Amino acid sequence: MVNAVGRDIPEKIILETEKPVFEGAYKNSGHDVKKISSGLRSAKVKKGQLPESKLVASIDEVIDRTGLKDGMTVSFHHHMRNGDYVVNTVMEAIARKGLKDIHVAASGLFKCHEPLVPLIRDGVITKITLSTISPGPLAKAITNGYLKHPAVFMSHGGRPRAIESGELHIDVAFIAAPCCDAEGNMNGAYGKSACGVLSYAYADAEYADQVVAVTDNLVSFPASPVEISQEKVDYVVEVEAIGDPEGISFGPTKPTEDSVNLKIAETTAQFLDEAGYIRDGMSMQTGAGGTSIAVAAAVGNIMRARNVKGSFASGGITSYFVDMLKEGLFRGLLDVQCFDSAAIESYRDNPKHMAMSASQYANPNTKGALVNLLDIMILGATEMDIDFNLNVVTGSNGVILSSSGGNNDCAAGAKIAVVVTNLVKRDMCILRDNVTTVVTPGETVDVLVTEYGIAINPLRTDLLEKLKRSKLPIMTIHELKAIGESKAAKVMNPEFTDKVVAVVEYRDGTIIDVVRKPVQEF
């Protein structure tokens, strides 16, 4: 068969390769496979012509361009945390267009997303999937069963696993881009709304059918550095503001000053030292809570005293880990979320402060999740039971307070997972026969450190043997529970209906528990 440049291609070769012959330089180029498969425009670019501009004038127009319909899934990332504007702006525009039955698949939602509550009541939003949520009106709306379908709480590693496998299919991803050019190259390091890394949006950008960059800082091509690149982006929309950076530092991001919690932190550091985990090459992650960060401070003091140099610290990064990096206590920081302005500046300016995708961080199905390289993980919990199962989703009254986040990811991967918490909170003992909601299985949790003592999981016979002569207040979980109950003034035993308001997934996508609607509405 003769092709478009006059070359005779043997029929045998065509049959063997199953390839069509060349018909012209622009016959097949310039097509976007996603748009062809979804029945939308297929732009053919000819020599001498400019490709169709990705710039769109408004959120309303880009919703029309994407062909968003009832029942579709839209996604968002949460690096702006409690300062985010994009979720509310996009969802209110979707509501104005009369769309219904929308699935919001956000990596996280916060108190600032209260405007979603009336959209749930009106049937605009009928399903929510996320990996973190903060206490507030939206969390209470889910608790009270306002959603048509149960919310799905994934872990930080479980979310990209689900997206990459096709289990969580995203029709349109809206990515808040603090710095972006007209082709969609973007980063989170620069601009008035700089948030640091954009790690939780990587999977969305790669696998969503269509990707919209929403920016308040449109720069000349090429944006630099490129964190998410143009070939993944369909449209770019410039808005006045994508968020308030002051909302990024939401919740405690500095070491506690409370004497009781400082005691817990010091005890934890001493325990880790006696157990042999504070050593050259060690790696570490803490949560953003005040006690957890105080543990990092106490560990840092031991590292300085013994000239210990760690390999890396990871997870959500605060100024405290930034200072430890500058001091040389760690060789690098691996970051999925910046929790304050110091972390944002460090990511922008220090090459040893590196972004990683949520998949690289914690996806159990990758070839090398970073959580598997962690030596020390400091965890929080709202409740723990006598089998060391953890609850971080609900309070003892059944109200949703958070989601899985990286809790069960890191507990599964780290060599030692330590829960640090007050034994008695709000006049209640955090140790129970059975937690209200299981998020992290006890087989992955190693130690509990409280102001009254330390309990080691009986499965860790190595730790029990190594610390059997320690002067630290080590006791059984039952002994610690008895102390807590003697100090507590309240016992919470809420009643629940049969209505399931949320499904809690373990990191591998299996259902580890469900959240039921309390009898009492909140």
Side-chain angles (χ1 to χ4, degrees), residues 78 81 107-111 128-136 138-140 142-143 151-159 250-252 264 285-293 295 315-316 336-337 339 358 361-362 371 377-414 417-423 425-426 428-432 434-450 457 492 494 501-508 510-516:
H78 72 280
R81 291 170 59 76
S107 59
L109 296 169
F110 288 79
K111 186 177 180 181
I128 290 176
T129 298
L130 45 74
S131 55
T132 192
I133 191 171
S134 69
L138 181 61
K140 286 184 178 180
I142 297 172
T143 302
V152 178
F153 292 166
M154 296 178 169
S155 74
H156 280 330
R159 184 177 187 270
F250 177 70
I264 294 171
Q285 180 176 326
T286 72
T291 305
S292 295
I293 298 172
V295 172
V336 281
Q337 184 172 28
F339 279 117
Y361 171 46
V371 294
M377 179 63 209
I378 306 300
L379 299 168
T382 58
E383 297 175 326
M384 176 188 277
D385 66 26
I386 55 176
D387 294 316
F388 284 76
N389 296 307
L390 298 186
N391 176 16
V392 297
V393 164
T394 56
S396 296
N397 58 359
V399 175
I400 292 168
L401 299 175
S402 184
S403 184
S404 305
N407 197 281
N408 58 42
D409 294 311
C410 295
V418 182
V419 178
V420 295
T421 181
N422 297 89
L423 182 59
K425 291 183 180 179
R426 294 177 291 278
M428 291 182 290
C429 178
I430 63 101
L431 282 172
R432 302 169 62 87
N434 296 287
V435 293
T436 306
T437 309
V438 177
V439 176
T440 299
E443 64 186 290
T444 66
V445 178
D446 301 303
V447 182
L448 169 65
V449 182
T450 74
N457 192 324
M492 186 73 71
V501 298
V503 173
V504 181
E505 291 189 1
Y506 190 56
R507 61 198 302 251
D508 61 4
T510 56
I511 298 173
I512 194 168
D513 208 345
V514 296
V515 180
R516 290 181 172 85

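Small disclaimer: the values here were computed from a predicted structure and weren't measured.
Using a 3.5 Å distance cut-off with no hydrogens or angles, the side chains of D409 and S155 do pair a donor with an acceptor. Side chains of S131 and S107: a donor-acceptor N/O pair is absent below 3.5 angstrom, by distance only. A donor and an acceptor atom, one from each side chain of S404 and E505, are nowhere located under 3.5 Å apart.
In plain terms, the two heavy atoms of P135 and K111 that are nearest each other are O-CB, 3.9 Å. Nearest heavy atoms, A381 versus K425: O-NZ, 3.2 Å. Closest approach of A411 and A417 over heavy atoms only: CA-CB, 4.0 Å. Annotation for I128 and I142: closest pair CD1-CD1, 4.3 Å, computed over non-hydrogen atoms. Shortest non-hydrogen contact noted between V515 and G398 is CG1-O, 4.4 Å. Heavy-atom minimum distance, M384 versus V435: C-CG1, 3.4 Å.
Atom-to-atom distance recorded for S396:OG and N391:CG is 7.5 Å, nearest 0.5 angstrom. Atom OG1 of T436 and atom CG of N397 lie 8.0 Å apart (nearest 0.5 Å). To the nearest 0.5 angstrom, L431 atom CG is 9.5 Å from I386 atom CD1. Between the CZ atom in R507 and the OG1 atom in T444 there is a gap of 9.0 Å [rounded to 0.5 Å]. Between L448 atom CG and N457 atom CG the span is 10.5 Å, to the nearest 0.5 Å. Distance check, rounded to the nearest 0.5 Å: CZ of F153 to CD1 of I511 gives 13.5 Å.
Taking 4.5 Å as the limit, every side-chain heavy atom of I133 sits out of range of all side-chain heavy atoms of F110. Side chains of V438 and V504 form no contact here, defined as non-hydrogen atoms less than 4.5 Å apart.
For R516, the salt bridge (Lys or Arg N to Asp or Glu O under 4.0 Å) test picks out no residue, with sequence neighbours left out. Remark: D387 engages D385, N389 in a side-chain contact (heavy atoms from CB on, under 4.5 Å) (not counting sequence neighbours).
Looking at T143, its side chain does come within 3.5 Å of a backbone N or O of A139 through a donor-acceptor pair. For N408 (side chain) and V439 (main-chain N/O), a donor-acceptor pair under 3.5 Å exists by modelled atom type.
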Derivation of the side-chain contact (heavy atoms from CB on, under 4.5 Å) call for R81 and F339: CA-CA 9 Å; R81 291 170 59 76; F339 279 117; 3.1 Å; yes

Intermediate values then yes/no, side-chain contact (heavy atoms from CB on, under 4.5 Å), Q337 and H78: CA-CA 9 Å; Q337 184 172 28; H78 72 280; 3.2 Å; yes

Test log, rule side-chain contact (heavy atoms from CB on, under 4.5 Å), inputs T440 and V392: CA-CA 8 Å; T440 299; V392 297; 5.6 Å; no

side-chain contact (heavy atoms from CB on, under 4.5 Å) between L390 and L379, worked out: CA-CA 10 Å; L390 298 186; L379 299 168; 4.0 Å; yes

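Between H156 and Y361, the two ring planes are tilted [angle within 30° to 60°].
T437 pairs in a side chain to side chain donor-acceptor pair (under 3.5 Å) with only one of the listed residues (T382, T394, D513), which is T394.
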